[in-house]
Trainee: 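One structure is given below, represented as structure tokens, and several questions about it will come after.
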Amino acid sequence: MECAGPSRAPPYWASLSSSPTQYLENSGVEIMNEKYNPADIEPKWQEKWEADGLYHADIDPDRPKYYALTMLPYPSGELHIGHWFAMTPSDARARYLRMNGYNVMFPIGFDAFGLPAENAAIKRNIHPKKWTYQNIERMRVQLRTMGAMWDWRREAVSSDPEYYRWSQFFFLQLYENGLAYRKDAAVDWCPNCNTTLAREQVWGEDRLCERCQTPVIKKQLEQWFFKITKYAEELLNFDQIDWEERVRLLQTNWIGRSEGASVVFRTEQGDPLEVFTTRPDTLWGATFMVLAPEHSLVLKITAEEQHDTVHDYIEQASRQSEIEREATDREKTGVFTGGYAINPVNDEKIPIWIADYVLSSYGTGAIMAVPAHDERDFEFARKYDLEVRPVIQPEDLEPLDGESMGTSVVAYGSMINSGEMTGTPADQAIPSTIANLEKNKTGKGAVNYRIRDWLISRQRYWGTPIPMVYCETCGVQPVPEDRLPVELPDDIEWRPTGESPLKFHPTWKHTTCPNCDEPAVRETDTMDTFMCSSWYHARYLSPDYHDGPWDPKEYDYWMPVDTYTGGIEHATMHLIYTRFFHKALRDMGITEGNEPMLQLRNQGIVLGEDSEKMSKSRGNVVAPDKLVEAYGADVVRAYLMFFSRWDLGGPWDSQGIGGVVRWMRRVWALFTDETPAHEEPTEDVKRSLRRKVHQAVRAATGDFEKFEFNTIISGLMELLNEMYRARKAGGVGSSEWEEAQDIYLRLLAPVAPHISEELWERLGKPYSVHTQAWPKVDEDAAAEEIITLVVQINGKLRDRITVPVGLSKEDAQAKALASEVVQKFMDGKEPKKVIVVEGKLVNIVI
RNA sequence: GCCGGAGUGGCGGAACUGGCAGACGCGCGCGACUCAAACUCGCGUGUCCUUACGGAUUUGUGGGUUCGAUUCCCACCUCCGGCACCA
């Protein structure tokens, strides 16, 4: 193999003293009857579970259902360690719930449409379909090595015609309900992906394509949108779901609700000119208005003598956005239109400007400019020498002067220079102004949202065709439901031209109008793949169902999703789309309930050993297949749960996994070594073992509920250490020992399904450990009888005393004061105060 | 600029409701086994002082509340994430 260069990180096993395989072979524990060799047991059990249908989940009205869902993978062709990190703890938790009596469904499938397939096709001249389905084949094999409890009968692949036919069906439903519409607009375009993007797919200040990190540009195009804005308010409500705070915040910020007022100004020509403002209390300070260059009234209001200037500016603004995204310097520019507007609150005539700092896509595309109280307007006013008139006087500031102020004042305060409203105090200013506007019918309280409608058109081949037809006489026509699916043709040429490849197919786009039967043309754009993933959780329920997107019987039983797990990077994409989709379909009577997923938890990212994001070019990619080969799936699963907090993720540590290898080997050794005890265990040993076992059950149960997988593993490690101690003290063979073994394997089962099944069988217990009940805590057994009380003097730890549980405060105090160490530190002084916390400590204040 | 999160040993991390900080693991040190190594097992391992016994100190920094603060409050510093001409 060729060396990739000096910056390449060593492979993950390089720090081990030998190759992974040797590492395992050399590690036999002497006392064991047989070495722990995952390769001997893991495939064996995987085959048996599959043959037995152990993880099939079927409708069972007698058991509570539980729908556990992990985000479906994109079939890139290589299962990533990130997939393992996301999926194996989710699997463990699904198993835990199953052991708790739930009828748990844990399905899997593939998000199979998308750009990488097409890019691979262009690069390597392989059909996107072939590439995708080959990858799916390979990933099915890889996924099986996890030993997860997938119900493979539920597998759905979003690029199957039987799947996307229903994506098309939903498109039509949205269309018919006025939630899908076509609009000519300035949209985001990725010049590398050669397609438009949804606003959600443009990231950060630099406006980079979410997929390829290329700066996006603006293009004026006719595109399809979904009216997600209609649901903005409802999407802000998370009352019915248990989603992580950070996701709720991301979505809330993304939706960006602002409260204020809409105010209707009038142009000189008498046209209403509506603006949105969050500060109606500053209305009297509006000294000019600004329209976005694209605003529909611009040409009408432009005065004769300003025509050329305005025209040039519009021209320049549109060219600028086409060539380059927003200028980095951000110097505001604009021109006077020569037109004027009348301020409804004081009938004042103010000039109308156009400027590109006003966005056509937010609010009404027009603003009232109040330079005294808005930073942007202030900057603009000073640049073009426009009037600055303060109308709000904050209490703690010197009286404001428009001529001399060096910056705008955004703070609240009492109104000044505001006609009849002058003198209104801060807390009244906004509501009073709104009331006034409403009384005069010149405005009203209003709410605006930052979120934009979801642009779903993509100029690429490998996606769901948009089921619409354009007819010269009848216009835009939906494809009738009974003619779905509109299938993708296989014989296609991929030309990275920036236009949809379907457009260049010789015959595909030609069809007849569903309305008049005359020749018509198909829509050649395909849908955003987030459309496919907005409803896959429901297709999983019945992937082979033909009479609808899903079998209503299955839907009624399984929905909604009880727990959804996946990456947080989808917070403002998939996770917001899927909520919108569900709510839109609910309003059409297709889905039930207000939310598709009740509980959401997000894992962090596994970084390379160099703490950088894993990437082929950095050479820091950890390949799960190699890890499984070297250590076995159980070890990889357990290590991924153990190495960090699940919600945080963190750098991979190839040394650290050794600790989990050792633990698993010690588990194996303890359960397979049949050396009889040499001595009888004391009652203390047995009692203590039982206590530790039940305390461990309590801890593991709580940790599963809280998604704290790292402490589940550490708890199991501790319990194992405890069992080794008990064995040394002669515990083997007692009934307490047998209970400990039994419970240990049940606790281990969700985490390490193979070794626990193998050892369970070796103990002669009935197949399968995975259908056993999760152990119940015996509170009496878990209770402590003797505890250590901490004795503090002035809050400093001075002594520890051993006392029985339930010792009275008086006795605890007496016992603490009697301690020799305490006597020494008290130095003959009398205690001023003694605090006794039962079961915890005694603090003596002197 | 706005919104949010996080700072605990050499490292990943643990700590119930304000009550023994550092569980568990990695790494490191010493020892046993071995001709030797690896593996495995045992012991130790926050920092400083002390030969030792022991003591002091310690959860980003500075304050506050409290008998007692990693935990609550205030201010600040650093790092991370999101948004950003959103009126």
Side-chain angles (χ1 to χ4, degrees), chain A residues 16-18 22-32 203-205 207 245-246 248-254 256-258 260 275-279 282 290 326 330-332 355-359 361-370 373-377 379-380 448-452 568-569 571-572 639 642-645 647-648 650-660 662-663 665-666 669 699 702 708 710-721 724 788-797 799-800 831-846:
Chain A
L16 301 174
S17 47
S18 51
Q22 284 165 339
Y23 181 73
L24 265 193
E25 280 167 2
N26 290 342
S27 61
V29 184
E30 298 265 337
I31 51 167
M32 286 193 318
W203 280 12
E205 185 177 6
R207 300 180 49 75
E245 173 77 12
R246 48 183 179 161
R248 301 204 308 261
L249 270 161
L250 286 171
Q251 294 201 346
T252 303
N253 289 343
W254 187 258
R257 182 182 200 274
S258 18
V275 299
F276 173 75
T277 176
T278 53
R279 293 294 301 271
T282 65
V290 188
E326 261 117 54
R330 283 202 186 144
E331 171 86 9
K332 289 180 182 38
D356 60 2
Y357 83 92
V358 173
L359 309 174
S361 51
Y362 183 78
T364 60
I367 61 157
M368 63 172 202
V370 185
H373 305 292
D374 182 280
E375 218 179 297
R376 297 151 300 180
D377 298 343
E379 194 189 315
F380 194 80
N448 240 288
Y449 303 92
R450 209 188 64 96
I451 192 172
R452 308 291 151 83
I568 194 151
E569 67 275 14
T572 58
Y639 181 59
F642 179 65
F643 87 99
S644 180
R645 265 171 50 184
D647 57 334
L648 290 184
W652 180 259
D653 178 2
S654 56
Q655 300 262 311
I657 197 171
V660 174
R662 271 189 280 280
W663 167 54
R665 252 187 240 143
R666 276 162 53 82
E708 288 173 2
N710 55 343
T711 46
I712 293 172
I713 308 296
S714 64
L716 286 168
M717 287 173 169
E718 271 183 274
L719 180 56
L720 189 75
N721 293 343
Y724 267 94
T788 304
L789 272 193
V790 168
V791 184
Q792 296 180 335
I793 294 173
N794 289 341
K796 279 192 178 154
L797 175 76
D799 199 10
R800 295 183 171 91
K832 279 190 200 139
K833 190 175 176 186
V834 180
I835 292 118
V836 183
V837 182
E838 236 173 296
K840 296 279 185 190
L841 57 70
V842 179
N843 188 12
I844 301 160
V845 187
I846 54 173

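These values consider heavy atoms only, across backbone and side chains, with no hydrogens, waters or symmetry-generated copies. In what follows, every chain begins at residue 1, and chains take the letters A, B, ... in the order their sequences are listed.
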Trainee: So, using salt bridge (charged side-chain N to carboxylate O under 4.0 Å, His left out) as the criterion, who are the partners of A/Arg450 when residues are at least two apart?
Mentor: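 Partners of A/Arg450 by the salt bridge (charged side-chain N to carboxylate O under 4.0 Å, His left out) criterion come out as none, since no residue qualifies.
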Trainee: Within the 4.0 Å heavy-atom criterion, would you say A/Gly260 contacts the bases, only the backbone, or no part of the nucleic acid?
Mentor: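 If one applies the 4.0 Å heavy-atom cut-off, A/Gly260 turns out to touch nothing in the nucleic acid.
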Trainee: Roughly, in whole Å, what's the span from OH in A/Tyr449 to C1' in B/C83?
Mentor: 18 Å
Trainee: Just the rounded figure in Å: distance from C1' of B/G82 to CZ of A/Arg207.
Mentor: 16 Å
Trainee: How does each nucleotide of nucleotides 18-28 of chain B score, in 5' to 3' order, for protein heavy atoms under 4.0 Å: base (B), sugar-phosphate only (S), or none (-)?
Mentor: -BB--BBSSS-
Trainee: What integer distance in Å separates A/Glu379:CD from B/A87:P?
Mentor: 17 Å
Trainee: Please determine, for B/C85, whether a Watson-Crick or G-U wobble partner exists with both distances under 3.5 Å, and give it or none.
Mentor: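 The base-pairing partner of B/C85, which may sit in any strand shown, does not exist here.
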Trainee: What interatomic distance, in whole Å, is found between C1' of B/G19 and the corresponding atom of B/U66?
Mentor: 12 Å
Trainee: Could you let me know what B/C33 is paired to, Watson-Crick or G-U wobble, both distances under 3.5 Å, or none if it's on its own?
Mentor: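 Partner of B/C33: none.
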Trainee: In chain order, what residues pass the salt bridge (charged side-chain N to carboxylate O under 4.0 Å, His left out) check against A/Arg246, with sequence neighbours excluded?
Mentor: A/Glu244
Trainee: Taking any strand in view, what nucleotide pairs with B/A52 in a Watson-Crick or G-U wobble way, both distances under 3.5 Å?
Mentor: none
Trainee: By nearest heavy atom, map A/Asn448 and A/Asn794 onto RNA chain B; which one lands nearer the 5' end?
Mentor: A/Asn794
Trainee: Considering only the P atoms, how many Å lie between B/G9 and B/G46, rounded to the nearest integer?
Mentor: 13 Å
Trainee: Need the pair for B/C76. Rule: Watson-Crick or G-U wobble, both distances under 3.5 Å, any strand; none if unpaired.
Mentor: B/G60
Trainee: By nearest atom, which of the nucleotides B/A87, B/G13, B/G4 is closest to the A/Leu359 side chain?
Mentor: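 In terms of side-chain proximity for A/Leu359, the closest of B/A87, B/G13, B/G4 is B/A87.
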Trainee: Got a donor-acceptor pair under 3.5 Å from the side chain of A/Lys332 to the base of B/C85?
Mentor: yes
Trainee: Determine the interatomic distance between C1' on B/G10 and the same-named atom on B/U47; round to the nearest Å.
Mentor: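 Result for the C1' pair: 13 Å, nearest Å.
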Trainee: With both distances kept under 3.5 Å, what pairs with B/G19, Watson-Crick or G-U wobble?
Mentor: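 Here B/G19 is engaged in a pair, and the nucleotide opposite it is B/C67.
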Trainee: Does a side-chain N or O of A/Ser644 approach OP1 or OP2 of B/G13 to a distance below 4.0 Å, or not?
Mentor: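 For B/G13, OP1/OP2 do have a side-chain N/O of A/Ser644 under 4.0 Å.
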Trainee: Categorize A/Arg246 for me: base, sugar-phosphate, or nothing, with a 4.0 angstrom heavy-atom threshold over every strand shown.
Mentor: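 Touches nothing.
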Trainee: Show your working on side-chain contact (heavy atoms from CB on, under 4.5 Å) between A/Arg279 and A/Val370 and close with a plain yes or no.
Mentor: CA-CA 9 Å; A/Arg279 293 294 301 271; A/Val370 185; over 6 Å; no
Trainee: A/Tyr724 side chain to A/Arg666 main-chain N or O, any donor-acceptor pair under 3.5 Å?
Mentor: yes
Trainee: Between B/G5 atom C1' and A/Leu249 atom CG, what is the distance in whole Å?
Mentor: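 For the pair A/Leu249 CG and B/G5 C1', the rounded distance is 9 Å.
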Trainee: Return the nucleotide paired to B/U45: Watson-Crick means purine N1 to pyrimidine N3 with N6-O4 or O6-N4, wobble means G-U with N1-O2 and O6-N3, both under 3.5 Å.
Mentor: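 Base partner found: B/G27.
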Trainee: Which whole-number value in Å describes the distance from A/Trp663 CH2 to B/G12 P?
Mentor: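 Result: 22 Å.
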Trainee: Quantified in whole Å, what is the P atom distance between nucleotide B/U59 and nucleotide B/G54?
Mentor: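 Pairwise P distance, B/U59 against B/G54, rounds to 24 Å.
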Trainee: How far does CG of A/Asn843 sit from NZ of A/Lys833, to the nearest 0.5 angstrom?
Mentor: 9.5 Å
Trainee: Rounding to an integer number of angstrom, what distance separates B/A23 and B/A14 when you compare their P atoms?
Mentor: 13 Å
Trainee: Rounded to whole Å, how long is the line connecting atom CD of A/Glu838 with atom C1' of B/G68?
Mentor: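 Those two atoms, CD and C1', are 18 Å apart.
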Trainee: Please report, rounded to the nearest Å, how far the P atom of B/G13 is from the CG atom of A/Leu648.
Mentor: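 Answer to the nearest Å: 6 Å.
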Trainee: Sort out the partner of B/C39 for me: Watson-Crick or G-U wobble, both distances under 3.5 Å, none otherwise.
Mentor: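 In the structure as shown, B/C39 has no Watson-Crick or wobble partner.
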Trainee: Under 4.0 Å, heavy atoms only, any strand: does A/Trp254 hit a base, just the sugar-phosphate, or nothing?
Mentor: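 The residue A/Trp254 makes sugar-phosphate contact but no base contact.
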Trainee: Could you tell me how far B/A75 sits from B/G22 if I compare only their P atoms? Round to whole Å.
Mentor: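 Per the computed distance, 32 Å lies between those P atoms.
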Trainee: On a whole-Å scale, what distance lies between the C1' atoms belonging to B/C80 and B/U71?
Mentor: 22 Å
Trainee: Separation of A/Arg450 atom CZ from B/C2 atom P, in whole Å?
Mentor: 17 Å
Trainee: For the residue pair A/Tyr639 and A/Trp652, categorise the inter-ring angle as parallel (less than 30°), tilted (30 to 60°) or perpendicular (more than 60°).
Mentor: perpendicular
Trainee: With the 90 degree cut-off around zero defining syn, does B/G9 come out syn or anti?
Mentor: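 Here B/G9 takes the syn form, which means its glycosidic angle is within 90° of 0.
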Trainee: Which part of the nucleic acid does A/Ser258 contact within heavy-atom distance under 4.0 Å: base, sugar-phosphate only, or nothing?
Mentor: sugar-phosphate
Trainee: List the residues meeting side chain to side chain donor-acceptor pair (under 3.5 Å) with A/Thr788, not counting sequence neighbours, and say none if there are none.
Mentor: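 For A/Thr788 there are no side chain to side chain donor-acceptor pair (under 3.5 Å) partners, ignoring immediate neighbours.
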Trainee: On a whole-Å scale, what distance lies between the C1' atoms belonging to B/U61 and B/G7?
Mentor: 11 Å
Trainee: Closest-nucleotide mapping onto RNA chain B: is A/Glu375 or A/Lys796 further toward the 5' terminus? I mean the 5' end.
Mentor: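 Nearest-nucleotide comparison on RNA chain B picks A/Glu375.
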Trainee: Name the nucleic acid region contacted by A/Arg248, choosing base, sugar-phosphate or nothing; use a 4.0 angstrom heavy-atom cut-off, strictly under.
Mentor: nothing
Trainee: Listed by chain and number, what are the side chain to side chain donor-acceptor pair (under 3.5 Å) partners of A/Asn794, not counting sequence neighbours?
Mentor: none
Trainee: Quick check on A/Glu569: does its CD atom have over 12 non-hydrogen neighbours (other residues, nucleotides or ligands) under 6.0 Å away?
Mentor: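 Atom CD in A/Glu569 is crowded, with more than 12 foreign heavy atoms closer than 6.0 Å.
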Trainee: For B/G9, which nucleotide in any strand shown is its Watson-Crick or wobble partner with both distances under 3.5 Å?
Mentor: none
Trainee: What residues form a salt bridge (charged side-chain N to carboxylate O under 4.0 Å, His left out) with A/Glu718, not counting sequence neighbours?
Mentor: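 Here no residue qualifies.
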